[in-house]
Amino acid sequence: THFGFETVSESLKAGRVRDVFSSVAANYDTMNDLMSLGIHRLWKDYFVRSLNPGIPPSTTSSPRGQKILDIAGGTGDIALRHLDHSTTINNDHKTSVIISDINPEMLAEGMKRFASSPYKPTNRVSFLEANAEDLPTIESNSIDLYTVAFGIRNFTHKQKALAEAFRVLKPGGVFACLEFTPNLSNPLLNAIYKRWSFGAIPLIGQVVAADRDSYQYLVESIEKFPSQAEFAGMIRDAGFLIPGHNSPGEGGLEGGWEDLTMGVAAIHKGIKP
Ligand code: SAM
């Protein structure tokens, strides 16, 4: 790595990813706050607001609400926001979310959380243990909105997961991804950021969760994730139309993403034609 830390992720495969999240599950929400200085909450709020989940009662096109699939949904951070937004902003009490994750321990944390949420007694939330690369229990053309936040960089075969996203979405359905980016466009900020992520995050993992290696892996998985432009290309290759905007500073490459906090994270969207 850039700062001389041992590379622990070289031989990681899906099984190792599972182990990492099993080991971080119980501390996951606290660690997110510590590692991102709380900023992940703002990104997630913005991400969900930008998708405007739910259908207002005045819209007659889909009286049953939306069917949302939150992939790598972990402890339910995004799903809870989808339901809050559809309920309070769109007065939609029907939209439902399937929280899907490969890791049963992460899902168990999500279940605990929903047990004390307003959505517990309703059928608006369900949990599915599955690999995002293969979703046999989800029908083709059945989902209105597919979200994945801070998940796809962990997938072994990202293009395969994108193909599954494309399959399960209805025509007109939206794919939306919130993910860290490997590099900030400003070199000075990038250097500071790399010091923070490679220096502080594994250390916080060691001190708070007694698990340095898992947090080292999480940092390295960000480093290996494609650039915003490359990832937009992968989404296009899966068959999605990309709502056009060209991101400044990308040398005229066709864009289709939105940088957050100077490009530490980015939102990518695609529409199934
Ligand atoms: N979306 C949540 C959030 O934003 O807080 C959780 C993100 S967490 C960093 C990444 C999640 O991806 C973990 O819960 C992990 O189990 C899940 N994951 C990793 N590989 C996966 C795969 N192949 N299929 C589905 N989920 C996966």
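Keep in mind that the numbers below use all heavy atoms, side chains included, and drop hydrogens, waters and symmetry copies.
Shown here are the salt bridge (Lys or Arg N to Asp or Glu O under 4.0 Å) partners of Lys269, two or more places apart in sequence or in another chain: there are none. For Leu37, the side-chain contact (heavy atoms from CB on, under 4.5 Å) partners are Trp196, not counting sequence neighbours. Take Asp33 and apply the side-chain contact (heavy atoms from CB on, under 4.5 Å) test, not counting sequence neighbours, and it matches His40, Arg41. Residues satisfying the side-chain contact (heavy atoms from CB on, under 4.5 Å) test with Phe155, not counting sequence neighbours, are Ile71, Ala72, Ala132, Glu133, Val148, Ile152, Lys158, Ala161. Arg167 is linked by a side-chain contact (heavy atoms from CB on, under 4.5 Å) to Leu135, Ser140, Glu164, counting only residues two or more places apart in sequence or in another chain. A search for salt bridge (Lys or Arg N to Asp or Glu O under 4.0 Å) contacts involving Asp237 returns nothing, not counting sequence neighbours. Residues forming a side chain to side chain donor-acceptor pair (under 3.5 Å) with Ser197 (at least two apart in sequence, or on another chain): none. With sequence neighbours excluded, no residue forms a side chain to side chain donor-acceptor pair (under 3.5 Å) with Ser142. Under the rule for a side chain to side chain donor-acceptor pair (under 3.5 Å), the partners of Glu230 that lie at least two apart in sequence or sit in another chain are Ser227. Contacts of Asp211 classified as side chain to side chain donor-acceptor pair (under 3.5 Å), with partners at least two apart in sequence or in another chain: Ser23, Ser214.
For Phe180 and Phe225, the distance between ring centers is not under 6.0 angstrom.
Contacts classified as ring pair (Phe, Tyr, Trp, His ring centres under 6.0 Å) and involving residues 73-104 (residues at least two apart or in different chains) are not found.
Clustering of Ile, Leu, Val, Met, Phe, Trp and Tyr by side-chain heavy atoms under 4.5 Å joins Ile192 with Leu188.
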